[in-house]
Amino acid sequence: MTEDGLQAAITKMQARGIDPRAINVFAHYWRDLAAGAQGLIPEETIEPLGEVPALGDFAATPQQRRDALARTAVIKLNGGLGTSMGMTGPKSALEVRDGLTFLDIIARQVLALRAQHDVQLPLILMNSFRTRSESLAILEKYPDLAVDGLPLDFLQNAEPKLRADTLAPVEWPADPELEWCPPGHGDIYVALQGSGLLGALRAQGIRYVFLSNADNLGATCDPDVAAWMFEAAVPYAAEVCPRTANDRKGGHLARRRSDGRMILRDSAMVADGEDHHFQDNDRHQYFHTNNLWVDLEVLERLLDERDGVLGLPIVVNRKTVDPSDSSSTPVIQIESAMGTAVEAFEGSQALLVPRRRFRPVKTTNELLLLRSDVFSLDEDSVVNSVITHDEPAIRLDGHYKLVPDFEARFPAGSPSLRECTGLEVTGDVTFGAGVVCVGDVQVRAEEPATIADGTRLSGPVTC
């Protein structure tokens, strides 16, 4: 494989005005890919993580919490469009509770923390060009949110999709924008530097950033974690939770045998035939929440030393240039995951946190649960469970996969799930107002059906 394809890609990125450091990172990964890298982590090369410190082990004082939050910023990954859920705009613009979007709730959480601890606590979004305008429009409702000297967002970089056969930039005249893709959220580190935001945060006296996904409303900027980072001088921390049967597909941390480094292994990094090891909850006890805490001083030094290239493991994402057309040109998108930076920081740690810090919405299953009476928003916009038993498992079939179809079948909102242990719906069923689910409920319909207002469901239900 010659480097003609790489040079063509670099020329294309330069013409678009991509930051030179981001181009260096792309070139690093292109050469890895050309050399045959697949980004796989065989089981024989790693050991289980073992015991990790727990958030509850550290008791911070009010002053420690305030001092830590005063030098912390919140960054939310906000580049997703929610296309897998049938959305065309930012996923974070979806209403999730009480008429509020993800971004509304995130903004209110940050403002509440500021008021409680008398700190500035900046909130910054990492947007894509597709999510920027709509997301910033939502934040305009909160005029006190912006911090002098800091923007409310910065943009992730873009890179060319590569032809799978030649690794040259793909051409797609029908829609040239489809020739481009984001480099995965591992791009956040070089984008922070290239945008000037890293320097601006350091100039404001910010030492740590808390990074998390915008669709995880459990990921608040916990003052106790911030205080622990400062007191223990931790350069990088990844929050983990105990794995359950529902978490077997989630990434996990492990230790690399060759050097003892802590690493992240996602499902895309599992070698063929080793999925049973990956899903072994007894061996790999904790899953990675993608809630990360990063020391900006250490990050800045690493980026300067390596000219922007942290050397995160490559993720090879194979698609077609037009995702909606399976017959279009096969391409490779070179990506990296921000959580894999755990291996780049000497002295990085994992931190065991309560499950309440992980409430992502990846499908309409989680959306239905989050909208239900299982949860409430307190005065600080924190999502709290109001039940004492395990949260019900929700399984909705393909009729509910896309948000418009989901909304049409729950026009009065979620049924009551407080007394529910599980809800499975198979078929085209519309739920009326005031429906109550009790115990383990399985609803099935061969033809379109409606459940009347006020119906109480339990056990198998055939419509």
K401, NZ: over 12 other non-hydrogen atoms inside 6.0 angstrom:
no

What are the two closest non-hydrogen atoms of C221 and L121, and how far apart are they?
SG-CD1, 4.1 Å

Can a salt bridge be assigned to the pair E391 and R355 using a cut-off of 4.0 Å between side-chain N and carboxylate O?
no

Are side-chain heavy atoms of L303 and L310 found at a separation under 4.5 Å?
yes

Minimum heavy-atom separation for Y29 to G311, with atom names?
OH-C, 4.4 Å

Stepwise side-chain contact (heavy atoms from CB on, under 4.5 Å) test for E419 and C437:
CA-CA 7 Å; E419 302 174 75; C437 297; over 6 Å; no

Using 30° and 60° as the class boundaries, would you call the ring planes of H252 and H284 parallel, tilted or perpendicular?
parallel

D373 and S416: side chain donor to acceptor below 3.5 Å:
yes

Short N-O contact, E47 and R257, less than 4.0 angstrom:
yes

Is it the case that over 12 heavy atoms from other parts of the model lie below 6.0 angstrom from the CG atom of D390?
no

Please report the interatomic distance CG(L423) to CG(L396), rounded to the nearest 0.5 Å.
6.5 Å

Distance from E44 atom CD to E274 atom CD, nearest 0.5 Å?
7.0 Å

Pairwise side-chain contact, E159 with I18, heavy-atom cut-off 4.5 Å (strictly under)
no

Does E305 have more than 12 heavy atoms from other residues, nucleotides or ligands lying within 6.0 Å of its CD?
yes

Around atom CG of D272, are there more than 12 heavy atoms of other residues, nucleotides or ligands at under 6.0 Å?
no

Paired with P415, the side chain to side chain contact (heavy atoms under 4.5 Å, CB included) test is passed by just one of V441, L368, V436, namely L368

Is there a side-chain contact between R108 and I105 (heavy atoms, below 4.5 Å)?
no

To the nearest 0.5 Å, how far apart are CZ in R395 and OG1 in T363?
12.0 Å

So, R130 side chain and T88 main chain: donor-acceptor pair closer than 3.5 Å or not?
no

Between D307 and R21, is the closest basic N to carboxylate O distance under 4.0 Å?
no

Does any non-hydrogen side-chain atom of L139 lie less than 4.5 Å from one of L125?
yes

Taking the six-membered ring of Y236 as reference, does the NZ or CZ atom of R261 fall below 6.0 Å from its centre and within a 45° cone about the axis?
no

Side chains of R357 and T220 only: does a donor on one sit below 3.5 Å from an acceptor on the other?
yes

Does I394 form a side-chain contact (heavy atoms from CB on, under 4.5 Å) with L417? I'd like the steps, not just the answer.
CA-CA 10 Å; I394 309 299; L417 299 175; 4.1 Å; yes

Atom CG in N281, atom CZ in R243: separation rounded to 0.5 Å?
5.0 Å

Taking side-chain contact (heavy atoms from CB on, under 4.5 Å) as the test, write out the residues that go with Q63, two or more places apart.
T61, R66, D67

Do the side chains of L211 and Y189 get nearer than 4.5 Å, heavy atoms only?
yes

Using a 6.0 Å cut-off, check whether atom CZ of R202 has over 12 heavy atoms from anything other than its own residue.
yes

S414 and S372 have their tightest heavy-atom pair at OG-CB, 3.2 Å

Of all heavy-atom pairs between Q193 and G308, which one has the smallest distance, and what is that distance?
OE1-CA, 4.4 Å

Kindly indicate whether the side chain of T131, heavy atoms from C-beta on, has any atom under 4.5 Å from the side chain of L81.
yes

Under a 4.0 Å threshold between the charged nitrogen and the carboxylate oxygen, would R16 count as salt-bridged to E177?
yes

Which pair of heavy atoms, one from V374 and one from R418, lies closest together, and at what distance?
CG2-N, 4.1 Å

Would you compute the distance between atom CG of L352 and atom SG of C241 and round it to the nearest 0.5 angstrom?
7.0 Å

Answer yes or no: is there a side-chain heavy-atom contact under 4.5 Å between V234 and L351?
no

In terms of relative ring orientation, are F410 and Y400 parallel, tilted or perpendicular, with 30° and 60° separating the classes?
tilted

Could you give me the CA-CA distance, side-chain angles and deciding distance for F375 and L369, then say whether side-chain contact (heavy atoms from CB on, under 4.5 Å) is met?
CA-CA 8 Å; F375 297 106; L369 183 61; 3.7 Å; yes

Rounded distance [0.5 Å steps], CZ in R265 versus CD1 in I41:
7.0 Å

For the side chain of T421 and the backbone of D440, is there at least one donor-acceptor N/O pair under 3.5 Å apart?
yes

Do I124 and F154 make a side-chain contact, defined as non-hydrogen atoms from C-beta onward lying under 4.5 Å apart?
yes

Applying side-chain contact (heavy atoms from CB on, under 4.5 Å) to L100 and R97, what does each step give before you reach the verdict?
CA-CA 5 Å; L100 300 173; R97 277 206 71 91; 5.7 Å; no

Can you tell me if D148 has over 12 outside heavy atoms packed within less than 6.0 Å of its CG?
no

Tightest non-hydrogen contact, residues A219 and N291, listed as CB-OD1, 3.5 Å

